[in-house]
Undergrad: 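The structure that follows is given in the form of structure tokens.
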Amino acid sequence: MTAGRGPVRAGAASALALLLVALSVLCGCSAGSARQVVHVLGPWTGAAEETFRAVVAPFERQTGITVEYQGSAESDSVLADRVAGGAPPELAVFDSPRKVATYARAGRLTALDGLLAASDGGSDYGPGWAELGAVDGTPYAVPVTATVKSLVWYSPRSLDDQGRQPPRDWARLTALSGEAAAAGIAPWCVGLADGSASGRPGTDWLEDIVLTQSGLEVYDGWASGRIAWASPQIRLAWQTWGATIAEDRLRGGRRGALNGRFGDNGAFLLAHNPQCLLEHADSAAIGNYRQYNPPPKPGQDIDFTRFPAVDPRYDGDLEVAGDLVAMVHGTPGARRLLTFLTSADAQSRWVAGGTVLSPDRAVPPAAYPDELSRRLARTLLEARAVRFDASDQMPQELQDAFYRAVLTFVDDPSRLDELLAGLDRIAASLGR
Amino acid sequence: MAVINGVPAAVRRLARRPGAGARTGSPPQLRTPGRLRHAAVALVLCTAASWGAISLAVGQGQAVVGAAGSRTIPAVMDTGEAAYRLADADRVASAGFASGAAALTGPGRQYQDDLKSAHQALARVAEHGTPGAGGGAQLETVAGLLVEYSGLIAQAHATEGSEGLSSAYLGYASQLMHRPGDGILARIEQLRAGEREQLARQRRSAWTAPLLLVAVLAPAVLGLLLLVRTQLFLRRHFNRRINPCLLAATVLLATLAGWTATSLLGVDSAFARTGDREVPRLAAAWQVRTAVAAAAGNDTAAVVRGEPAAKVAAGFYQYSGTLTDREITSELVDRALTRQPDFRGALADLLLPDLAVPVGPGVAADRETALHTLRDYRAFVGAHNALQLGAATGRPGLAQAAAGASPEQLGGAHDALDLDLAAITDLGKRRLAEGAAAARPGFGLPVAVPVLCAAIAVLCGLGLWPRIEEYRAVTR
């Protein structure tokens, strides 16, 4: 009997150990499955993705909810595939209200009633921002980042060297352009190449001109399809732009503008021997400029002024853009994350990266990394009225046609009538 | 089963020297029948443990090698092929505009075939399943970008009458294809890097490591020692020179151990050869073809856009710079005829293994192909230099020089070089297939293990049972 006890004891001990291991594995599994995960699909990659991950890190720590972010430059098509495949992410990031409206009207989004009001971080969105994510009066998305489109960037050092002043009004802008061109210096750096969105940088010019030449009413009417492309106001805007970017006003001429890559102009603007004096670009351009070596000193090597109003009556109106987050698959965790993202705390973390602005007035100026960013934020929040990028409000087909029309116009401005008539035909075919 | 310090109690008892128990105060020494019974139990246990260990190791090894051979390695190759086809599609699109064929034929058959092959290769990658959470999303992104790319090329053709506009669209498409970091080719390269990392992980797997043999064969070695000791025990106590059944069991167990060692080491060696030599060489072949197509495409697109000579050169070397670290001179080619030429880069990685092989039967063809490739690469760079010179001096007929099919024109030089590289690619595929077949563990061992183990157990029983019965008879 004594001899048999050893094996029996060893067997019992082994069985007990196995049981404990199995129990611990089971506990581990059940603990893992209890952890909430919120999937977010968005267009942010690279530095923007890192910023987002840094923004949500405290949320994950505080709530125990894991945020699984998937960033893709093709997030629109990935989202369409996911939705069609029945596996949508809980939250999706859209770069235009029109896309939000498309999904909302298809019944693919969960309404966010009271979400901005419920934000426990004391958010205070500026006028017009909260309505950007509303479709037929129901909120479906909230803006989480903002950019100012109506900006002209310049190098104060270069202008000083030539004894010129920053162009703060339209008269000075046209004078500076003419004088520089006469002196053999191209005033403008324009790069229209941007992959499948080539031409988009030109649409921003046109939108700024429509906004500050004909006012909010015309802008809204044009963006929504009530005002025709061939209308006098829109035609005038194209003609004004055509005169501004005449062959001798562009670095490399029209062909240089067509082949130049959007985002590469900093090299010519900031060079020791600059090849141009001005660039029309949004507030996110500061991120591109910062990448040059040595990084330009804000206020000395690089600065901005608001795009001068063509008609002084419309001075103070601003074209903006931004990213909106919508709930595609409603869960309590997703709603908590959305509430967190619109809080002043999260917004402050977001703007600390220095490439995006916040539409939330509760974000303290100190949250921005430098004086230039703070001035950009002030420009956004002190605007008399803001209007979202018009091309982003248009149906996809019309937006694409607008981009292509810009390229064709730059190549051959004499085709303006043909282009406007073509855009009107496309708009009509889309029921606008 | 009572196990102390990893040694079964039955084995310990059998191994105990006579009288040792009395001296240490442990339980009294077992009598002969008891020791025989314990020996039988210990041998069966060792046999069962060998069965389990070998089956587990072979099964898991098969799983790892099978996953690498059926999924990871094809995915590495398919991403390589997709990148090459797309770079070539972009080159062909530009060549169509340079030659004027675009106006008549549109993008052309070659462009469509390239795109079709690329889509098929990417579909196979998706079928194999990409590693990590980001792989699937990356594939979706590439698919989306390819649609945009095709759209831009279509737009270039739609605006064919307007030179500035069509070349601009061509440029946008090329940018989308080649943009560092987030262009289509860069994203495919990221996918390929993920697959290669996965292959490296599989290579590092404990189930294919030679050290695993120590653990796998430990029960068999213990069993062999036990069989020898039992044989000696029987010789001392029963005056028998040899126990035939135990001898047969010993031979079978030794055979099993040897077979296992040979099989696992063979699989590991073949897997190492495939993963460390054949896969990188075939991947290098695709990489070189991609770079050559991209460099030729850059020149052609630059000519279509009317870019200055400096930009032509910068773009060409952006793609071909990784191929060689120096100019491929005629002296270097001559040196390759007799001994290994001295240069580095992706082209060297691809060609040097074949150029290093001494001339002899069976290898001459591979060596000849490598030499031919080196010569044609030199001609390709020469065609580029002529084109660049033409751009610098404003020589007319640049478009023809870029798209022309004669050997001294860039199009022809590219086609000749690509033909050589295609032959090397086919050779690499053949070598890889052979290596993969050798790395696949045979089905003989998994089938033989249970049969041999059962036979060993039966033989042990047959060898010891009559001796135990002898004692029982004496006792009765």
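No hydrogens, no waters, no symmetry mates; every other heavy atom, side chains included, goes into these values. A note on names: the letters A, B, ... follow the listed sequences, proteins ahead of strands, and every chain is numbered from 1.
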Undergrad: Hey, what's the ring geometry for A:Trp238 with A:Phe402, parallel, tilted or perpendicular (30° and 60° as the breaks)?
TA: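 The arrangement is tilted - the two ring planes meet at 30° to 60°.
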Undergrad: Assert yes or no for the condition that the ring centre distance of B:His178 to B:Tyr319 is strictly below 6.0 Å.
TA: yes
Undergrad: Is there a side-chain contact between A:Val83 and A:Tyr103, using heavy atoms and a 4.5 Å cut-off?
TA: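 The answer is yes; the side chains approach within 4.5 Å.
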Undergrad: Heavy-atom cut-off 4.5 Å, strictly under: side chain, backbone, both or neither for B:Arg187 against chain A?
TA: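 Contact with chain A: side chain only.
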Undergrad: Where on B:Gln155 is there a heavy atom nearer than 4.5 Å to chain A: the side chain, the backbone, both, or neither?
TA: side chain
Undergrad: Do any of residues 250-262 of chain A come closer than 4.5 Å to chain B, heavy atom to heavy atom, and if so which ones, in number order?
TA: A:Arg255, A:Leu258, A:Asn259, A:Arg261
Undergrad: Where does A:Thr45 contact chain B at under 4.5 Å (heavy atoms): side chain, backbone, both or neither?
TA: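 Contact with chain B involves no heavy atom of A:Thr45 at all.
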Undergrad: Counting heavy-atom pairs under 4.5 Å with chain B, which one of A:Val410, A:Asp194, A:Asp411 comes out on top?
TA: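 Most pairs with chain B among the choices: A:Asp411.
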Undergrad: Which label fits A:Phe409 and A:Trp241: parallel for a plane angle under 30°, tilted from 30 to 60°, or perpendicular past 60°?
TA: parallel
Undergrad: Is the shortest side-chain N to carboxylate O distance from A:Glu50 to A:Arg53 below 4.0 Å?
TA: no
Undergrad: Among B:Leu165, B:Leu176, B:Val142, who wins on heavy-atom pairs under 4.5 Å with chain A?
TA: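 Top count of heavy-atom pairs under 4.5 Å with chain A: B:Leu165.
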Undergrad: Which bit of B:Leu145 is near chain A, if near means a heavy-atom gap under 4.5 Å: side chain, backbone, both or neither?
TA: both
Undergrad: Is B:Tyr169 in contact with chain A via its backbone, its side chain, both, or neither, using a 4.5 Å heavy-atom distance?
TA: side chain
